[in-house]
Protein chains: 2
Amino acid sequence: MFKTMESTPENETKAQRTRALILETALGLFREQGFERTTMRVIARQAGVSLGNAYYYFPSKEHLVQAFYGRTHAEHLEACAPVLSEEKRLGRRLLGVMRAKLATIDPYHRIAGDLFRSAADPESPLNPFGPESARVRAEAVSLFERTLDGSDVRLPKDLRDELPTILWFWQMGVLLFWIHDRSPRRRRTDLLLERTTVLVVRLIGLMSLGVMRPVRGSLLRLVRDLREEPAS
Amino acid sequence: MFKTMESTPENETKAQRTRALILETALGLFREQGFERTTMRVIARQAGVSLGNAYYYFPSKEHLVQAFYGRTHAEHLEACAPVLSEEKRLGRRLLGVMRAKLATIDPYHRIAGDLFRSAADPESPLNPFGPESARVRAEAVSLFERTLDGSDVRLPKDLRDELPTILWFWQMGVLLFWIHDRSPRRRRTDLLLERTTVLVVRLIGLMSLGVMRPVRGSLLRLVRDLREEPAS
DNA sequence: GTCTATAACCGGATAGAC
DNA sequence: GTCTATCCGGTTATAGAC
């Protein structure tokens, strides 16, 4: 932070390099050995630093996971870009975005259970509903905003405002299913995804109808109220 | 099991009493001190047994949690009985059952996060979707069956068959929210509950209509398909 | 074969010296 | 910023008592 950097020829400080090295080592080991089985000691040893040093950069094993989230989200954005720019039909766009998500995280399916386990704790910084995740969450929601806005479907304003959040919940549900999915090549998740996408699009259509005003009203008010006060 | 019990004046064996003692001690400590902060060593000491002995009866801390589940489910059934026998309106019945659930587990709200954390792991025997939980799950679903059947609402058969499972999912969602709810006296959960109950009843009404046949069809088929093959 | 006790082991996390 | 030495608690091994 307040370092007087007199002589760092590279465009990275030593600290940054050490940090990156530890993170790379950790992610590699997580993917190969699993999360629980990868101990902090092994990460440190393989990265060539001491255990204490690893904890200097990442205050807990969970903090390594946060870094992981950031990375896969960036990859997801990249993987989404084509379908978002080329496709107009809402169903296709949603399916494309969700499939890209699943494809991005698929290499980490083994450890998804462990990660989710940490994330499930309300006190955990990894808790997707918690304040520490606000930023990632907002980015994920805004991705659905773009998915909606770039489509050929016109929505009533009230629905348009809350729908991205609802779709994010849908994504969380699909991910929850994916985590528990033991079928070969995660076929069941894909089934769930295809079927629910159709339903979602159909429900959006239904909810846009005049008759649905009252139901839609209560639903949207509910989502808004619950979203406003972000727990605690 | 195959014990030749020649002389046990009490209707409990010593083993049963020891087991019960450890469980009681553990649950009490969990409630007072929290789950993580209650160590197996303290449980054992306070119960007046050795650490090894505690592990003899409960192979892991998670097994204590399973016992806890069984207990609260039984309490829930008891707490539901009045509303189920006295009330005919579906909304009231659902609300009563759900409120009874929340009331039953409320003393354990502090530790709910930790418990949920264990339960979130797909490999964990506590995972509510896993095979080890099949029995509890079936009981919970059948409670919703009774909630529906005793009401004054008549449902199309296809809906009636799948709805209990769907309501169980709803319950899981509410519980998830409850776990993360930090508002005083869990007001936000109650808000969610009241509002979603109205929605659920309304949606059931809507879904029973002729126009909804196609949507209902896909929805129910989806639930059925995903339910059939119980992961793995 | 049922039960109890003691002494480790292992890995996440911390303290404090340099 | 980096290290070594420890702590702490879940879990296991094992020895033996009833």
Side-chain angles (χ1 to χ4, degrees), chain A residues 1-8 10 12-23 25-26 29-30 33-67 111 114-115 117-118 121 123-126, chain B residues 1-8 10 12-23 25-26 29-30 33-67 111 114-115 117-118 121 123-126:
Chain A
M1 282 293 191
F2 304 107
K3 207 176 162 187
T4 62
M5 36 158 107
E6 244 167 85
S7 59
T8 23
E10 303 87 351
E12 286 177 321
T13 77
K14 177 154 170 248
Q16 282 173 325
R17 265 179 288 125
T18 307
R19 194 191 144 86
L21 174 63
I22 294 170
L23 179 57
T25 308
L29 285 168
F30 287 163
Q33 314 283 341
F35 182 72
E36 300 273 316
R37 286 177 48 204
T38 302
T39 71
M40 290 299 281
R41 283 166 174 81
V42 169
I43 295 170
R45 182 157 8 108
Q46 180 151 334
V49 301
S50 73
L51 177 62
N53 198 212
Y55 272 98
Y56 175 78
Y57 285 103
F58 297 93
S60 82
K61 218 175 164 183
E62 288 187 347
H63 283 74
L64 284 164
V65 179
Q66 274 189 317
I111 67 166
D114 293 316
L115 302 194
R117 190 181 170 138
S118 310
D121 182 350
E123 304 303 332
S124 164
L126 299 180
Chain B
M1 283 291 191
F2 304 107
K3 206 176 164 187
T4 63
M5 37 158 107
E6 242 168 88
S7 58
T8 22
E10 304 86 351
E12 286 178 322
T13 78
K14 176 151 171 253
Q16 283 173 322
R17 266 179 287 126
T18 307
R19 194 191 143 86
L21 173 64
I22 294 169
L23 180 58
T25 309
L29 286 167
F30 287 164
Q33 316 282 342
F35 182 71
E36 301 272 315
R37 286 177 48 203
T38 302
T39 72
M40 291 297 281
R41 283 166 176 84
V42 169
I43 295 170
R45 182 155 9 107
Q46 179 150 336
V49 303
S50 72
L51 177 62
N53 199 4
Y55 271 98
Y56 175 78
Y57 286 104
F58 297 93
S60 81
K61 220 174 164 182
E62 285 189 351
H63 283 75
L64 284 165
V65 179
Q66 275 189 316
I111 66 166
D114 294 316
L115 302 195
R117 191 180 171 138
S118 311
D121 183 349
E123 304 302 332
S124 164
L126 300 179

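Throughout, a chain's letter reflects where its sequence line sits, starting with A, and its residues are numbered from 1.
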Q) Mind checking what makes ring-ring contact (aromatic ring centres under 6.0 Å, His included) contact with A/Phe35, not counting sequence neighbours? A) A/Phe30
(Q) Between B/Arg37 and B/Gly52, which residue's closest nucleotide on DNA chain D lies nearer the 5′ terminus? (A) B/Arg37
Q | Salt bridge flag under 4.0 Å for residues A/Arg117 and A/Glu62 | A | no
Provide the closest heavy-atom pair for [X] versus [Y] in the form atom of the first, atom of the second, distance.
X	Y	value
B/Ala54	B/Ile22	CA-CD1, 3.9 Å
B/Ala47	B/Leu21	O-CD2, 3.2 Å
B/Leu29	B/Gln46	CD2-OE1, 3.7 Å

Is [X] close enough to [N] that one of its side-chain N or O atoms is under 4.0 Å from OP1 or OP2 there?
X	N	answer
B/Tyr57	C/dT4	yes
B/Lys14	C/dT2	no
A/Asn53	D/dC3	yes
B/Tyr56	C/dT4	no

Please report, rounded to the nearest Å, how far the [atom2] atom of [N] is from the [atom1] atom of [X].
X	N	atom1	atom2	result
B/Tyr55	C/dT6	OH	P	17 Å
A/Arg19	D/dT2	CZ	P	13 Å
B/Arg45	C/dT4	CZ	P	18 Å
A/Met40	C/dC10	CE	C1'	15 Å
B/Gln33	D/dG9	CD	C1'	15 Å
A/Ile43	C/dG12	CD1	C1'	11 Å
A/Leu29	C/dG12	CG	P	12 Å
B/Leu51	D/dG10	CG	P	9 Å

(Q) Which nucleotide wins on minimum distance to the side chain of A/Arg41, given the candidates C/dA13, D/dC3, C/dT4? (A) C/dA13
**Q.** Side chain of B/Thr39 (C-beta onward), nearest among C/dT4, D/dG10, D/dT4
**A.** D/dG10
Q: Within residues 58-65 of chain A, find the residues that approach DNA chain D with a heavy atom at under 4.0 Å, and present them sorted by residue number.
A: none
Q | B/Ile43 and B/Leu64, any side-chain heavy atoms less than 4.5 Å apart | A | yes
**Q.** Heavy-atom check, side chain of B/Leu23 versus side chain of B/Tyr57, under 4.5 Å
**A.** no
